[in-house]
There are 4 protein chains.
Amino acid sequence: MKTVPEEIQFRSDVTVELVRANASDSDVLFAARVSTQGEKTLEGAQDANVDAERGKGLINYLMRDRHGSPFEHNSMTFYVQAPIFVFREFMRHRIASYNEESGRYRELNPTFYVPAPERNLLQVGKAGAYDFLPGTPEQFELVSGEVRRTSTEAYSSYQRMLDAGVAREVARIVLPLNIFSSMYVTMNARALMNFLSLRTKREGSHFPSFPQREIEMVAEKMEAHFAELMPYTYEAFGKNGRVAP
Amino acid sequence: MKTVPEEIQFRSDVTVELVRANASDSDVLFAARVSTQGEKTLEGAQDANVDAERGKGLINYLMRDRHGSPFEHNSMTFYVQAPIFVFREFMRHRIASYNEESGRYRELNPTFYVPAPERNLLQVGKAGAYDFLPGTPEQFELVSGEVRRTSTEAYSSYQRMLDAGVAREVARIVLPLNIFSSMYVTMNARALMNFLSLRTKREGSHFPSFPQREIEMVAEKMEAHFAELMPYTYEAFGKNGRVAP
Amino acid sequence: MKTVPEEIQFRSDVTVELVRANASDSDVLFAARVSTQGEKTLEGAQDANVDAERGKGLINYLMRDRHGSPFEHNSMTFYVQAPIFVFREFMRHRIASYNEESGRYRELNPTFYVPAPERNLLQVGKAGAYDFLPGTPEQFELVSGEVRRTSTEAYSSYQRMLDAGVAREVARIVLPLNIFSSMYVTMNARALMNFLSLRTKREGSHFPSFPQREIEMVAEKMEAHFAELMPYTYEAFGKNGRVAP
Amino acid sequence: MKTVPEEIQFRSDVTVELVRANASDSDVLFAARVSTQGEKTLEGAQDANVDAERGKGLINYLMRDRHGSPFEHNSMTFYVQAPIFVFREFMRHRIASYNEESGRYRELNPTFYVPAPERNLLQVGKAGAYDFLPGTPEQFELVSGEVRRTSTEAYSSYQRMLDAGVAREVARIVLPLNIFSSMYVTMNARALMNFLSLRTKREGSHFPSFPQREIEMVAEKMEAHFAELMPYTYEAFGKNGRVAP
C-alpha cells in the first residue's frame, strides 16, 4: 500500500474534479412546485423543460426573494487536491460533507504548493480590505526559494522519523501548511453558492469578499462545474448579486 | 391551477416515493479510501465491486467504529404524503432538506388521515416507555366517527371562508392536524440512519425508541428504499444495533 | 399533573419571554479579537467597553463584510406560546434548538388563536408578492365565528376520545392548527438575525420578505429582546439592510 | 499591535479556559418539562433543585432514551490554545461555533508543540484499531530534535519573508502543523458530549474511540469543565456508555 513517489514535487495549481452530481435546474423547479402545487407532477417537470423561459423566471424569482430550500435537493461531490492551508479555510464551511486524506492512516506524499510568478505577494491597505499587488522579481525568488527549501527539509525530517519507527501521527507534525492533501467534499447548490459568495472576488457581488487567492482557485473550478450543471440557477445567482438564497 | 377534488377523502396509509437517488455502497468505499489512500482510484472502486466481501467488511468496520463521514457523500430525495402531525415530528430532524406544500400559496386538498382498524388505540405504561395495545371495537368506531366528522366540518368551515374571499393563510388555521400534506425531503444515508434509529421500533436496536406509529409508517417505507439502494450499508446498520455512525 | 382549564380560551396575541441570555456586544468583540490578536485579552475587552465608539465601528464592519462567526458565541433562550401553524414555520429554521410541548405526553390545553379585528384578511397581488389588506366587518365576523366554532367542536371531539380511553397521540389528530402550543427555543445572534430577516417585513431591508403576520408577531417580540441585549449588533443589523452576516 | 515574542517557545501541553458558560443541569430539566407540562414553571424548577434526586433521575432517563434536545439549551465558550494539527481535527465537528486566530490578519507567534517524554511514539496494530506504546529514549531524542529544528528553521524562513515585505498569508505557508494557534469555540452540552465520545478514549465507552493524544488532551480539559458545570448530566453521560443522546 506504500507507494510514495521518490522525488519531491512542487505545484502552483489545484485540482478539482466533479466526481458525481445529481444536480440540475429541473430539481429546483420540482421542489418549488411541491410548495405551490402540492404534487409531484412529472408533467410539470416536462413542461419546465419544454418551457425553459418560465422555468428560468421561476428560478430567478426564488433566488431574488431568498426562497433557499428548493436549491437544496441536489448533490455535487468534488475531489479536491490543494494545500492544507486551503483545506483549513474550506472546512470552516459547516454545511458540507468531508472526507480528507489522513496523515494518521497513511504516509503523506511529498507534494507541496509554491506560489506561481503571477501570485500577488504584496498586501496593502487596511485590515479587512486588503488589496494584493505583484511583488518584485526579488521577492518572488525569495518566496520560491524559501518555500522549496523549507518543504524539502521538513519532508526529510518527516522521513527520518518514519524510518526510525515513529508513528505517522507524530512524525507529520513537522510538515508545513503548504503540503498537498486531498478530499471528497459533497455540497448542495445552496451551500455551494454560499461558499462561492465568500471565497471568490467578483464584479457584481452585492457583498465584498477578500478570499485568499489559493482557495479562490479551488472555488473558481467548482464554480465552472456548477455553471455547467445548473445554468439557470447559476445565471440567477450572478444576476442577484452573488448572494446565496 | 385550482384542481381541488370535490369530495373529501380519508386515508389510513402514507405515501413515500423515491424521486431521485445518488446513493450506493461504492460511494461509501470511495470516500473512505480517500482517507486511507489519498487517491480517487477508480481502480480501487472497481476492486470494491469485484471484491464484494472486502467492501462489505470495510463498511461494517466504518459503522461499528462510528466513522460517520463516509456515509454522507450520497443523496436520496423522497416525495412523502402524510398528515401534518407526522410532518411536525419529521421536521424536527435538522440534517435534511425540505420543501412542503404551502397552505399560503395554494388551497389544500380535502384528504384526511383516519386510523385503520389495526392501529393500536390504547396507551399503557408510564411516560417515556408507553406501550400501545388494540382498542375495543367501540373505541375504534368512536375514533373513526370523530375523526371523520371533525375533518369534514373543519374543511367546510375552510371552504366557507375561502368562498367569502378570506386569505388562504387565514382560512387554513381551522384545519386539523390529520390533514394530508406533501413534501420533498432530501437526506444522506447518515442522516437517514439517524432518522430510522429514532422513528422505528425494531428488534436488535441498541437504544429503545417509541415512535408514533404514523411516522414509523413513513420511516419503514424509507427504510425499504434505503435497503435496496445500499444493501451493505443497510446490513451493517442492522448488525450494529441500528445506531447511526 | 392534569391541570386542564375547564373553559376554552381564545387569544389573538402571542407570548415571547426571554428565559435566559448570555449575549452582549462585548462577546462579539472578544471573538473578533481572537482572530486579529490571537489573545483572550481581558484588557482589550475593557477597552472595548470604555471605548464604545471603536467597538461599535468594529461590529459594523463585521456585519457589513459578513464576518458571521463572531456573532455566534452567545445564546438566547426564549419561551414562546403561539399557535401550531406558527411553530410549523418556525421549526423550518434548522440553526436553533427546540423543545416543544408534546401532545403525546400531555393533554393539550384548550387555548386557541383567533385573528384580531386588525388582522388583514384579504390577500391581493400575485404569488410571492402578496399584499394583505383589511377585510370587511362581515368577513371578520365570519372568520371569528368559524374559528371559534371549529375550535370548540374539535376540542370537544378530543375530549370525547380521551374520556373513552383513547391514547392522547391519537385523539389529538383532530385538533386544528390554531391551537396554542409552547416551546423553548435557543438561538445565537447570527441565527436570530437570519430568522428576523425572513420573518419580519421592515423598511430598509435589502431583501423583500412576506412573512405570515402571526410569525412576525413572534419575531417582533424576539427582536425587541435582541435590541436590548446587543444594541450595537442590532444597530449594525439595521444599517446593513437587515441581512444576517 | 505587533507583539511577537523574540524567542521561540516549545510547549508540550495545551490550554483550555472556560470563558463563559450558561449551562446547568436545571436548564435540562426546564427544557424537558416544557415537553411534558407545557409550562415554564419556575416552581417546577425550584422543586428540581430541592428534589435533586428526581432531577437526577429525569436527566438519566433523557440520556438513556436519547432525548437529545433538552441538552441543547445551554452554551459553553472555551478559549483553546493548541497546535494546528489539533484544530484541524477539532473543526471537523460542525455543531459548534469557531473563531480562530488568523494568519492572514496577524503575525503568528513562535510557539510550537513538541511531544513530552511520556507521549507514546509507537503505533502498533492494524488500521482503525491502532495502539500506541512508548518509544525508546533514542526515538524520543530524535523526535524532539527534529521537531525543534524544523520548527525553528520554518519560523526563520517565515520571518525572512515578512522582513522582505511579503504578505503574511503567503509567508505563513511554510509554518509547520505543530505551530500553536488559538480559538474561541462555543458548544452546547449535546454537541460537547458528541465531541467527547469521539475524542477521548475511556473505560466504559459503548463505542471504541482512537483519538490522537493531543486532541484528547484538549477534550479532557473540556470534560473537566463540563463535569463541574453540569454534574448530573455528566454522570448520566458516563453511566450510559459515553454516547451523546
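Each chain gets a letter, A, B and so on, in the order its sequence line appears, and its residues count up from 1.
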task = Please report the closest heavy-atom contact between C:Y98 and D:H73, naming both atoms and the distance.
result = C-NE2, 3.8 Å
query = How far does CG of D:N99 sit from CD of C:E72, to the nearest 0.5 angstrom?
reply = 7.5 Å
C:R33 CZ to D:Y184 OH distance, which is reported to the nearest 0.5 Å = 10.5 Å
ask   = NE2/D:H67 to OG/C:S102 distance, rounded to the nearest 0.5 angstrom?
value = 9.5 Å
query = Out of C:A96, C:P70, C:G103, C:S75, which one racks up the most heavy-atom pairs below 4.5 Å with chain D?
reply = C:P70
inquiry  = Looking at every non-hydrogen atom in both residues, tell me the closest pair between D:V34 and C:M183 and how far apart they are.
reply    = CG1-CA, 3.8 Å
ask   = Between D:N74, D:D27, D:I95, D:T77, which residue shows the highest count of heavy-atom pairs closer than 4.5 Å to chain C?
value = D:D27
task = Determine the option with the most heavy-atom pairs under 4.5 angstrom with chain D, choosing from C:N22, C:T186, C:V185.
result = C:N22
